[in-house]
Undergrad: 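First the structure, then my questions, so here it is.
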2 protein chains.
Amino acid sequence: MKRPTLEAVAALAGVSRATVSRVVNGQTTVAPHIREAVLRAVDELGYVPNSAARSLVTQRTDSIALVVSEPPTRVFSDDPLFATVIRAASIELEAADKQVVLMLAGSAKSHARVERYIASGHVDGAMLISMHGADPLPAAIARMRVPVVSYGRPAVPVDIPYVDNDNVGGAEAAVRHLVAAGRRRIATIAGPLDMIGGQDRLTGYRNVLRDSDRRSIVAVGDFTRESGAVAMRQLLRDDPHLDAVFAANDLMAIGALQALRQAGRRVPDDVAVVGFDDIEAAKYTDPPLTTVRHPVADQAAAMVRLLLGLFSGGPSDPVILPTELVIRESA
Amino acid sequence: MKRPTLEAVAALAGVSRATVSRVVNGQTTVAPHIREAVLRAVDELGYVPNSAARSLVTQRTDSIALVVSEPPTRVFSDDPLFATVIRAASIELEAADKQVVLMLAGSAKSHARVERYIASGHVDGAMLISMHGADPLPAAIARMRVPVVSYGRPAVPVDIPYVDNDNVGGAEAAVRHLVAAGRRRIATIAGPLDMIGGQDRLTGYRNVLRDSDRRSIVAVGDFTRESGAVAMRQLLRDDPHLDAVFAANDLMAIGALQALRQAGRRVPDDVAVVGFDDIEAAKYTDPPLTTVRHPVADQAAAMVRLLLGLFSGGPSDPVILPTELVIRESA
DNA sequence: AACACCTTGGAGAGCGCTCCCAACCATACG
DNA sequence: CGTATGGTTGGGAGCGCTCTCCAAGGTGTT
């Protein structure tokens, strides 16, 4: 009635536990006919090795935690970022025959659970995704003796390897595009400044404006469409004559598009709009959104490779991936 | 250098392993001052119990697998269904202090991994989400002696408990609404017929049409927006005079809206459109989409409770949740 | 003061597996 | 024909933990 053990298989096949273990783990030092007998017994009993027992002795679990340190509402919002990352990372990890354990660590309470989970040896390593500045998790996890990598540069300087995209460069390219098009009053809808992506994209915007001798006009959103609309209205009040907006992500750009339409501005004729991310929806806005594409899936895959590399003593240097300006009709 | 064990804590606190175990597991039969000493030692060494060792003896893992038997492209598509289910289930499971292990089982290869994972005792139970008719996974997992529940009635008759919403009733309500509004030629864009949701919603549509003496006009999509647009164009060719469409989900309804606009039809004046799901985007379509809301999050929570109930010998009867017609402007 | 009873801590057996080491057998060589 | 060699197999320890006894000590009662 209970699940069969190695012992049971050994008994049925008329060999020792050790031999069964060898067959199950694919060692070649077993005589073919014995191997056959063992496999038959395994099949007959429906034997599957007990993972707890195995990892107790091997000290490995072949599982990797994917920790998303955000409230669930944001993880599974309109923003497909997390979905893309999770998907790409899963594919890459499964290719390496690792099991993905997805963990949402949005609240302080779940932080504790996650820390405990990782510390208790459930996983061989962990990947952290998108945390805010005050997030204590990276530091906490880095303290354990578990290999960890981060998706995106941690906001707090913590000594863990990470993979990021060139946020500053991408923002610069976007704003340079607006400058090149002759736009004079270029505003930005920045992301949350406690997030590294928000900071870096604002930095890129400021770099170009400074170099091109324009004034910066800044409103801050929180990466949601609604906040983009609110920020856009704010900007229009601040400077009714602005002729371009760079939004720190597409969702806010879409919100800005709505607000502009409501305010009776034509895009791109009156106001040019550029987003960041190149999400799917950017193709279907009216007009289609010019935006900065960054390789989310590649970045996730690179993160996985970085972590797997750590297991075998590979380098722990940060990896930075390039971005690309996608020009559509909004700017 | 290694991770501290019970033994180490016991030595430091000057007690036996058993006593430390009692303290760590919150047993009350330990004298306060000894308890203090143990906790101090735990703290000092940064001790965290080894989960493999623990579950080897307890035969529990306190983890639950959430198996999504769909290709990742669909799981993390525009369709927020999976996201909502995953989120709600996670919240509910964490409340019960269970760890969620999310597994994507889109390919045959990953099926094998998932089966092995579950069979090897990594989790105490499993939840299956949204599978197509030919999916062998429910049957395979049901065969193991692991408690399993399904989100949605399994397409293949398999004896596992499930939680579903009233797809037939919801579709009926939607189509009855169109009938009541005086629509004469009511078409439907059905979902994939190898999915139970697709079947049931089509059944509901047919039930009402039959009772109200109208002809059914059916096109089949695959729950994506694109397929909705394609199906809509098809329907317009089949019957240029149709005056209403019931789409089996909102994404296809949105595609239909696009196709109708391109064809120069006004919604709802010329053609009324009703969707199913009440996703977030349904509020923002032009015009806002009339649709059938079903309690996705509630359903997920109910699924979790059903599974947890199974552990303690609770009932394994299917749970069916009601739906609600949300009337906006498209019909 | 002796007894029973209850509380509390310790000893030890395993949970199911891997892996080291030793024993074995067969072959080949001196 | 004995011994060295190499390839297979089995024995057994132990991974870190829980949990069932059991013993020791303390308390209260008669």
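Quick note on labels: first sequence line is chain A, next is B, and so on, each numbered from 1.
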Undergrad: Could you state the CG-P distance from A/Leu56 to C/dT18, rounded to the nearest angstrom?
TA: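 Whole-Å distance recorded here is 11 Å.
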
Undergrad: What are the two closest non-hydrogen atoms of B/Pro147 and B/Phe311, and how far apart are they?
TA: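 The pair with the smallest heavy-atom distance is CG-CE2, 3.5 Å.
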
Undergrad: Is any side-chain N or O of B/Asn50 closer than 4.0 Å to OP1 or OP2 of D/dC15?
TA: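 Answer no for this pair, as no side-chain N or O of B/Asn50 is under 4.0 Å from OP1 or OP2.
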
Undergrad: Please state whether the phosphate of D/dG11, meaning OP1 or OP2, lies under 4.0 angstrom from any side-chain nitrogen or oxygen of A/Ser16.
TA: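 Result: no.
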
Undergrad: Specify the separation, in whole Å, of atom CD of A/Glu36 and atom C1' of D/dT9.
TA: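 It is 18 Å, rounded to the nearest whole Å.
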
Undergrad: Once you round it to whole Å, what is the distance between C1' of D/dC17 and CG of B/Asp62?
TA: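 Interatomic distance, CG of B/Asp62 to C1' of D/dC17: 14 Å.
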
Undergrad: Quick one: are A/Asp164 and A/Tyr151 in side-chain contact, heavy atoms under 4.5 Å?
TA: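 Side chain of A/Asp164 against side chain of A/Tyr151, heavy atoms only: no contact under 4.5 Å found.
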
Undergrad: Could you state the CG-C1' distance from B/Leu6 to C/dC15, rounded to the nearest angstrom?
TA: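 It works out to 15 Å between those atoms.
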
Undergrad: Toward the 5' end of DNA chain D, which comes first, A/Arg17 or A/Val30, by nearest nucleotide?
TA: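 The answer here is A/Val30.
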
Undergrad: With the side chain counted from C-beta on, respond yes when A/Arg3 and A/Leu45 share a heavy-atom pair under 4.5 Å apart, and no when they do not.
TA: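 When only atoms from C-beta onward are counted, A/Leu45 and A/Arg3 do not touch, as no gap falls below 4.5 Å.
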
Undergrad: Where the side chain of A/Val15 is defined as all heavy atoms beyond and including C-beta, which of D/dG10, C/dG10, D/dC15 is the nearest nucleotide?
TA: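 Comparing D/dG10, C/dG10, D/dC15 against the side chain of A/Val15, the answer is D/dG10.
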
Undergrad: What is the distance from CD of B/Gln27 to C1' of D/dT18, rounded to the nearest Å?
TA: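 These atoms are roughly 9 Å apart.
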
Undergrad: Would you kindly give the CZ-to-C1' distance between B/Arg60 and D/dC17, to the nearest whole Å?
TA: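 Going from CZ in B/Arg60 over to C1' in D/dC17 covers 12 Å.
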
Undergrad: At under 4.0 Å, does any side-chain N or O of A/Gln59 touch on OP1 or OP2 of C/dT18?
TA: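 No, no such contact exists.
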
Undergrad: Would one find a side-chain N or O of B/Ser21 under 4.0 angstrom from OP1 or OP2 of D/dC17?
TA: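 For B/Ser21, the contact criterion (side-chain N or O under 4.0 Å from OP1 or OP2 of D/dC17) is not met.
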
Undergrad: I want to confirm an ordering. Mapping B/Ala53 and B/Ile34 to their closest nucleotides on DNA chain C, which one lands closer to the 5' end?
TA: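 Checking each residue's closest nucleotide, the 5'-ward one belongs to B/Ile34.
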
Undergrad: Using a strict 4.0 Å threshold on nitrogen-to-oxygen distance, state whether B/Lys98 and B/Asp62 make a salt bridge.
TA: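 Yes.
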
Undergrad: Looking at the side chain of B/Arg54, which of C/dG9, C/dG16, D/dT18 is the nearest nucleotide?
TA: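 Of all the options, the side chain of B/Arg54 is nearest to D/dT18.
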
Undergrad: Could you verify whether a donor N or O on one side chain and an acceptor N or O on the other, from B/Arg54 and B/Asn25, lie under 3.5 Å apart?
TA: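 Their side chains do contain a donor-acceptor pair, which is all the 3.5 Å distance test asks for.
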
Undergrad: Atom NE2 of A/His122 and atom P of D/dG16: how far apart are they, to the nearest Å?
TA: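 Nearest whole value for this atom pair: 16 Å.
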
Undergrad: Donor-acceptor pair under 3.5 Å: do we get one between A/Arg22's side chain and the base of D/dG10?
TA: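 Indeed there is one.
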
Undergrad: Taking any heavy-atom pair under 4.0 Å as a contact, classify A/Ala31: base, sugar-phosphate, or nothing.
TA: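 Sugar-phosphate, no base atom in range.
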
Undergrad: Please determine whether a side-chain nitrogen or oxygen atom of B/Thr5 lies at a distance below 4.0 Å from atom OP1 or OP2 of D/dG16.
TA: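 So the side chain of B/Thr5 is outside the cut-off, no N or O lying under 4.0 Å from OP1 or OP2 of D/dG16.
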
Undergrad: Taking the minimum atom-to-atom distance to the side chain of A/Thr58, which one of D/dG16, C/dC19, D/dC19 wins?
TA: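 When the side chain of A/Thr58 is considered, C/dC19 is the closest of D/dG16, C/dC19, D/dC19.
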
